[in-house]
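Report on the following structure.
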Amino acid sequence: MEHTLEGQPVDQVKDKKQSRKTPGYNILLIGFMGTGKSTIASRLSEATGMKVAEMDQIIAGREGMTIPEIFEKYGEEYFRNAETSLLAELQSGTNMVISCGGGVPLRENNLTEMRENGKVILLTALPETILDRLKDDHSRPLLENNKNAGFIRELMEKRRDRYEAAADMIISTDGKTDLEICAEIMDCLMMEERA
Ligand code: S3P
């Protein structure tokens, strides 16, 4: 029989999920590129029944271009403005898992927006882990000619304060499975709800 993260039979949980109270806020996943935000967003969605909003995917879909094409054609500032508008749009709803692009917490007004109506979860990973995960990826313009741990570490350090300022909780992903990460997040959220 298939079991859930909490070890309950899936069938029982499916029934429960239909009637489960949704949290009434958004869950926002933030963190450096390659920390697993999209994957964990899908896992959380499976576990909670909340819908996923993948910011990069939505922006690319609306523009009819890939992220590297948007950067090339219109520049980074244009992309950052699209992120800010989309974030505001998404925060007017609730009960969504929002997978934010890695640069979203860099703007102060985005932080205010995120905290308005969401729990912000920062996923972290070592530069070496990121490099390993993204070495064959070509969808991140900022890393395209910079695929080395030194560059990743430096950019990560530049962003660290912004990421940490935005976060309600910080979850390290190194050496953990998706399910372990997801279970850790759900435990933290449940503890906060009880507190
Ligand atoms: C970026 C992260 C990317 C994407 C864009 C810029 C960043 O998203 O938004 O390439 O500045 O960190 P992911 O974090 O989902 O890779």
Side-chain angles (χ1 to χ4, degrees), residues 26-45 51-91 96-111 113-114 118-167 169-174 176 178 181-182 185:
N26 292 324
I27 296 176
L28 294 105
L29 296 178
I30 62 164
F32 201 82
M33 296 166 267
T35 47
K37 300 178 296 283
S38 308
T39 310
I40 299 306
S42 306
R43 290 283 185 211
L44 283 172
S45 165
K51 288 212 171 69
V52 176
E54 174 66 49
M55 289 188 64
D56 282 347
Q57 217 175 68
I58 297 172
I59 294 171
R62 286 179 180 177
E63 296 289 338
M65 276 181 245
T66 64
I67 304 292
E69 284 166 349
I70 299 172
F71 269 64
E72 199 183 326
K73 186 156 186 213
Y74 299 120
E76 184 172 346
E77 190 66 13
Y78 177 92
F79 175 74
R80 299 300 177 200
N81 290 339
E83 282 184 322
T84 299
S85 322
L86 176 59
L87 183 68
E89 202 182 304
L90 292 171
Q91 282 296 95
M96 306 263 311
V97 183
I98 303 175
S99 172
C100 299
V104 170
L106 303 181
R107 283 190 176 176
E108 189 62 42
N109 55 333
N110 288 354
L111 245 69
E113 193 71 56
M114 286 195 276
K119 288 265 179 265
V120 184
I121 299 167
L122 170 61
L123 301 183
T124 67
L126 292 169
E128 291 73 14
T129 308
I130 306 269
L131 181 62
D132 192 52
R133 290 177 185 163
L134 298 184
K135 58 183 181 305
D136 299 320
D137 173 90
H138 296 287
S139 66
R140 273 91 171 179
L142 298 181
L143 294 185
E144 199 42 28
N145 296 310
N146 300 303
K147 293 266 176 61
N148 62 79
F151 178 87
I152 293 171
R153 179 172 294 105
E154 211 172 294
L155 186 55
M156 210 183 247
E157 282 310 314
K158 272 192 201 146
R159 291 180 170 191
R160 178 191 294 274
D161 286 353
R162 301 300 306 157
Y163 284 153
E164 292 182 357
M169 61 186 80
I170 302 178
I171 309 277
S172 146
T173 64
D174 293 289
K176 294 178 191 162
D178 300 346
I181 296 163
C182 190
I185 293 173

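For clarity, every value in this text was computed on a predicted model and none was experimentally measured. For ligands, and for the atoms within them, numbers begin at 1 and follow the listed sequence.
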Item to check | Between Thr39 and Asp178, a side-chain donor and acceptor under 3.5 Å | outcome: no

Item to check | Derivation and outcome, salt bridge (charged side-chain N to carboxylate O under 4.0 Å, His left out), residues Arg80 and Glu83 | outcome: CA-CA 5 Å; Arg80 299 300 177 200; Glu83 282 184 322; 3.1 Å; yes

Next on the checklist: Run the side-chain hydrogen bond (donor to acceptor under 3.5 Å, both in side chains) test against Lys147 and tell me which residues pass, sequence neighbours left out.
Outcome noted: none

Item to check | Met114 versus Cys100, closest heavy-atom pair with distance | outcome: SD-SG, 4.4 Å

Checklist entry - How are the rings of Tyr163 and Phe32 set to each other: parallel, tilted or perpendicular (split at 30° and 60°)? => result perpendicular

Checklist outcome for this item: Pocket residues around ligand 1 (non-hydrogen, under 4.0 Å) come out as Met33, Lys37, Asp56, Ile67, Phe79, Arg80, Glu83, Gly101, Gly102, Gly103, Arg140, Pro141, Leu142, Arg159

Checklist entry - Regarding Asn81 and Arg107, is there a side-chain donor-to-acceptor distance under 3.5 Å anywhere? => result yes

